[in-house]
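All values below were derived from every heavy atom in this structure, side-chain atoms included, with hydrogens, water molecules and symmetry-related copies excluded. Residue numbers begin at 1 in each chain, while the letters A, B, ... track the order of the sequences.
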Amino acid sequence: MQGFNVLFPFGFHATGEPILGVVERLKKGDHAQKQVLLREGISEQDIEKFKDPKYIVRFWQKRIENDANSLGLSVDWRRKFTTIDPVFNKFIEWQYNYLRKKGYVIQATHPVVWCPHCNSPTGDHDRLSGEGESPIEYIVIKFKMDDFVLPTATLRPETVFGVTNIWVRPDAEYVRAEVDGEVWVVSESAVEKLKDQLHSVKVKGKLKGSDLIGKYAKNPVTGNEVIVLPATFVDLNNATGIVMSVPAHAPYDWIALNDLKSSADASFKKYGIKIDIKPIKLIETPNFDGIPAEQACLQFSVNSQLDKEALEKATNEVYKKEFHLGVLNDLAGKYKGMQVSKCKKSLSSDFKSNGFASSIWELTGKVVCRCTTEAHVKILENQWFLKFSDPEWKNLARKCVDNMKFYPDDARKQFYEIIEWLEDKACARKSGLGTRLPWDNEWIVETLSDSVIYMAFYTISHFLNENNIEPHYLKDEVFDYVMLGMGNADKIASKGLNKDLLEKMRKEFDYWYGQDMRSSAKELIPNHFTFSIFHHVAVWPDEPKRWPKAYTINGMQQMNGQKMSKSKGNYITIKEAIEKYSSDAIRITLMDSTEGMDDPDWTEKSTLAWRDKLDHIFNLVKENYNKGIDKTTVMDEWLYSRLQNHISKLTQHLESIQNKSAVTVLHMILNDINWYLRRVDKPNKKITNYALEVLIKCLSPFTPFIAEEMWSQIGKKGFVSISEWPKADVSNEEIIKLEEFVKNLCDDLSQVIKLAGKKNKLYLYVASPKEFEHFSTAEEFLKKQFGFHSVSIHLSSQAVYDPEGKSKRAKFGKPGIYVE
RNA sequence: GCAGGAGUCGCCUAGCCUGGUCAAUGGCGCCAGCCUUAGGAGCUGGUUCCUUAGUGGAUUCGCAGGUUCAAAUCCUGCCUCCUGCACCA
């Protein structure tokens with residue numbers, strides 16, 4: 001309507017596991033899955049066809065297309081495609097070959113939460129329990145004994161300088177195993193973990209924890225010999241099942257030692273060892289003047305190692321304080337004087353490179369896979385990653401954000417933040433639908449990674465569709481040419497893709513790309529939205545005009561104050577909603593619900609109210625168009641002026657995606673037209689028609705169907721949706737002001753009448769000739785409105801009849817009022 | 001826990017960046033009146049409290065403080081809610 005060519009395409013993302021999941025569940029005869037399809041109106045017979053993933057894609061594609069059309073979206077369907085179309089796969093292959101050439105796709109080794117039964121990573125949503133738990137690295141300090149190593153696992157390697165002893169579970173069975181060429185003693189459960197974490201592990205034999213007690217092991221860092229002691233708190237399922245004891249800084253160790261000293265552990269007596277161990281303090285923290293672990297145990301009333309809850313709290317307290325505020329003391333050798341938070345990393349890697357330490361990955365909490373198997377951490381080798389950690393790449397992404405517009409702009413901060421913390425991201429999986437990595441066929445490009453520059457594909461997809469281009473003609477050089485302007489069309493042209501078509505595609509791409517606006521929900525900010533920025537700047541680093549220009553970000557649609565969810569049943573399909581309320585009513589209700597990133601709430605009540613209101617507008621147009629007379633009054637100019645202001649506001653709101661504010665302006669247009677019709681004796685035909693036409697045009701983006709109907713009813717040719725958008729003209733602010741006075745007068749009058757009762761005569765005393773002139777135009781209106789027999793207006797300075805001296809109250813904009 | 005956002009007069013929302021013109025925008029709902037002697041339609045007014053011939057005043061913008069002549073708007077702390085936290089779409 002503003003004269004721009006607009007490309008509004010629509011495609012279908014089918015990549016990933018969900019579709020295959022449906023197929024698999026149907027094949028297994030899953031009842032719930034069948035019910036979902038039945039509720040969608042699919043017949044029992046047709047459900048059979050859903051065992052073919054391609055059919056599922058086609059089915060929903062059709063359904064969604066129909067929905068989009070019913071909603072009145074003006075989509076260019078010639079360009080549609082799905083992400084499992086072979087031609088699209090060629091595009092993704094090009095994208096990834098290209099990114100790899102640039103060094104943005106790398107191979108790396110990475111810990112993941114792993115289900116040994118399913119033989120695959122266990123994502124958050126794939127878990128029976130343990131949502132949010134993630135891999136964490138324990139440093140394994142290798143304490144040496146005569147013929148084997150005691151690998152103690154710790155999250156606080158810096159405390160190795162204060163180790164006084166080692167803990168094992170006396171009642172437990174441990175195994176002796178050859179790990180990376182050394183003999184380790186570890187818990188049985190550690191064996192599988194180590195195997196999955198790139199260690200070579202060969203089990204040699206077993207031994208009881210009690211066999212180790214009383215023996216000495218050498219601290220590889222300090223060279224001190226420390227004794228092995230029994231403790232019940234040691235968790236065999238955690239890490240190696242062997243723990244180093246730092247009683248000064250670990251409440252668990254401190255209390256366990258205490259338990260032993262007080263001989264609370266009766267079973268210990270049989271070893272006949274004398275405990276003469278003093279905590280060794282190696283971290284100085286302002287909060288703790290004595291032994292930190294002891295202080296924390298007192299503070300949280302820890303009485304024995306059985307007080308798990310209190311111990312957790314105490315441990316947390318010490319860990320946090322010491323991590324942030326603690327400084328290592330003289331005992332820490334070269335790390336003396338360093339803050340714990342600062343030296344932790346370098347200290348760990350030093351220990352590893354010196355051969356003092358290794359590591360084992362654990363989960364931050366128990367995770368159970370949907371298949372009911374307990375998961376552990378596996379280090380996956382040679383996975384393909386997008387190198388989002390690359391500082392140059394991050395810089396380009398920041399530059400893109402600098403130049404973008406965000407609606408609302410609050411989101412911008414978040415984008416910078418995400419770019420900051422984003423690390424390398426796995427971009428391929430071994431299962432699901434999608435595009436195979438061209439250089440490594442086992443891997444399929446993961447779903448968030450094939451949906452980031454696909455918008456560029458829209459610029460040429462209709463050519464591919466219309467000409468039935470076979471995928472094998474879409475070599476990388478073709479996309480290099482079309483998307484990047486590289487190479488020579490003569491040379492690239494082939495039997496299946498001639499030069500003419502190549503040039504057309506390049507031209508079309510060049511004309512349309514980059515995208516002016518992308519719109520989606522706020523939960524996509526940390527992934528899709530940001531990834532899309534990264535990919536654009538990577539593919540077109542020297543062409544900022546191809547980068548995303550604006551993002552519109554909305555909240556999550558709520559329904560009647562609640563999140564829509566299938567399980568709760570509080571959802572409605574687009575099809576159902578349109579049938580029940582009409583497309584227009586739904587559209588304008590959604591536009592009216594909220595703007596910005598808050599969650600908009602859709603209610604049936606407001607939809608019905610809007611439906612009635614649209615009916616009313618329809619009648620208003622029908623009853624008033626072409627009905628006025630030719631005589632003009634000052635009110636014509638008033639209405640014209642008001643409309644100019646509304647047009648300019650409405651346009652501004654729409655341009656900055658403030659839809660709710662825009663709807664508010666619609667209300668105002670409507671109110672003003674109503675006021676005008678009431679205020680004037682006979683409406684002027686020209687201005688009334690103009691106002692109604694403006695109303696229809698302004699309504700058109702919100703409610704296209706009824707707008708087109710009204711447009712045709714008033715005898716216009718063609719579509720209102722492609723008619724010219726009204727342009728705001730100059731407005732007469734003085735008249736607007738003066739008429740505002742009349743409205744205020746009406747308010748005052750109704751007050752006065754309420755208090756004084758109904759009267760027959762009205763006297764007004766106005767302060768200026770301008771007002772006198774304008775109020776005079778309202779005489780008939782005031783009579784009609786309030787039932788006065790006579791209305792007389794005087795300049796306050798020339799009041800001829802003024803029994804209560806009301807003329808003195810006259811102010812500019814506020815006449816003195818006397819009724820009798 | 002970390003990061004970002006939000007809490008406004010029955011409900012939903014505007015305003016907050018750039019303090020005063022804010023008892024605070026618009027809609028919905030509700031109440032009264034009008035019209036129509038069919039209306040769930042439409043129109044007009046009201047919708048924190050007190051007071052009043054159109055006025056004046058009191059108390060309000062999550063809670064508690066602070067800055068200022070002046071705060072919904074700025075600052076501090078707290079509470080509550082939303083979103084995301086990665087191999088998942």
Side-chain angles (χ1 to χ4, degrees), chain A residues 13 15-19 21 110-113 120-126 132 134 316 320 364 380 383-386 388 408-418 420-430 432 446-449 451 521-528 530-531 553 555-556 558 561 563 589 592-603 605-610 612-613 615-616 619-620 623 658 660-661 663-668 671 674-675 677-678 744-757 759 785-787 804 806 809 814-819:
Chain A
H13 192 246
T15 310
E17 314 269 0
I19 290 170
H110 205 69
V112 295
V113 182
S120 74
T122 311
D124 242 1
H125 57 288
D126 289 329
S134 57
N316 233 318
K320 245 194 202 162
T364 50
L380 279 186
Q383 271 212 114
W384 293 101
F385 282 81
L386 285 161
F388 286 148
D409 195 59
D410 303 332
R412 182 187 304 276
K413 245 204 280 186
Q414 213 176 331
F415 276 94
Y416 285 123
E417 198 60 42
I418 303 294
E420 224 42 60
W421 74 249
L422 211 57
E423 289 169 23
D424 295 348
K425 163 91 172 70
C427 63
R429 288 181 59 95
K430 295 218 167 167
E446 169 276 339
T447 133
L448 276 168
S449 307
S451 57
K522 63 180 166 187
E523 62 263 41
L524 295 188
I525 293 175
N527 43 65
H528 171 80
T530 307
F531 295 172
I553 297 150
M556 285 286 277
Q558 314 260 110
K563 227 180 250 182
T589 307
D592 194 21
S593 54
T594 192
E595 51 197 35
M597 288 192 288
D598 293 340
D599 294 341
D601 188 23
W602 179 88
T603 62
K605 230 166 44 182
S606 49
T607 314
L608 291 173
W610 260 115
D612 288 344
K613 190 144 199 151
D615 276 347
H616 162 237
N619 289 331
L620 178 84
E623 282 159 21
Q658 292 173 303
K660 190 187 168 75
S661 304
V663 171
T664 303
V665 177
L666 287 179
H667 287 298
M668 290 177 166
N671 288 347
N674 278 326
W675 175 263
L677 292 173
R678 194 152 50 92
N744 291 340
L745 173 67
C746 289
D747 287 350
D748 289 349
L749 273 174
S750 52
Q751 272 285 324
V752 171
I753 289 168
K754 205 157 116 191
L755 294 165
K759 305 282 167 146
Q785 194 70 18
F786 295 97
E804 288 191 10
K806 294 290 187 186
R809 296 190 71 147
K814 210 166 176 62
I817 300 168
Y818 178 66
V819 294

Report the residue (A/Trp384 or A/Glu417) whose heavy-atom-nearest nucleotide on RNA chain B is the more 5′ of the two. A/Glu417
Heavy atoms from C-beta onward define the side chain here; which of B/rU55, B/rC28, B/rU83 lies closest to that of A/Asp748? B/rU55
Candidate nucleotides B/rG27, B/rG54, B/rA53, ranked by approach to the side chain of A/His667 - the nearest: B/rG27
How close do A/Ala521 and A/Gly555 get, heavy atom to heavy atom, and via which atoms? CB-O, 4.3 Å
Checking B/rU52, B/rC82, B/rG84 against the side chain of A/Asp599 (C-beta onward), the nearest is B/rC82
Should B/rG19 form a Watson-Crick or G-U wobble pair with both distances under 3.5 Å, which nucleotide is its partner? none
Between A/Phe531 and A/Lys425 the two heavy atoms that sit nearest each other are CE1-CE, 3.6 Å
Measure from the side-chain heavy atoms of A/Glu446 and tell me the nearest of B/rG27, B/rA6, B/rA89. B/rA89
Checking side chain to side chain contact (heavy atoms under 4.5 Å, CB included) for the pair A/Arg678/A/Gln785: CA distance, chi angles, key distance, verdict? CA-CA 9 Å; A/Arg678 194 152 50 92; A/Gln785 194 70 18; 3.0 Å; yes
Between B/rA89, B/rU55, B/rC87, which nucleotide has the shortest distance from any of its atoms to the side chain of A/Arg809? B/rU55
Pairs: protein N or O with nucleotides 42-45 of chain B N or O, under 3.5 Å:
residue : atom : partner  : partner atom : Å
B/rG42  : O3'  : A/His616 : NE2          : 3.4
B/rC43  : OP1  : A/Asn674 : ND2          : 3.4
B/rU44  : OP1  : A/Arg678 : NH2          : 3.3

If you compare every side-chain N and O of A/Lys660 against the phosphate oxygens of B/rG27 (OP1, OP2), does one of them come in below 4.0 Å? no
B/rU25 OP1/OP2 closer than 4.0 Å to side-chain N/O of A/Thr664: no
In terms of side-chain heavy atoms of A/Val752, which of B/rC87, B/rG54, B/rA89 is nearest? B/rG54
Passes side chain to side chain contact (heavy atoms under 4.5 Å, CB included), A/Ile817 versus A/Lys806? Steps please. CA-CA 6 Å; A/Ile817 300 168; A/Lys806 294 290 187 186; over 6 Å; no
I want to verify a distance call: between B/rC28, B/rU55, B/rA89, whose nearest atom is closest to the A/Lys605 side chain? B/rC28
Apply salt bridge (charged side-chain N to carboxylate O under 4.0 Å, His left out) to A/Asp124 and list each qualifying residue two or more places apart in sequence or on a separate chain. A/Arg127
Looking at B/rC30, which nucleotide sits across from it as a Watson-Crick or G-U wobble partner, both distances under 3.5 angstrom, or is there none? B/rG46
Taking any strand in view, what nucleotide pairs with B/rC2 in a Watson-Crick or G-U wobble way, both distances under 3.5 Å? B/rG84
Measuring from the side chain of A/Lys806 (C-beta onward, heavy atoms only), which nucleotide among B/rU52, B/rC82, B/rA53 has the closest atom? B/rA53
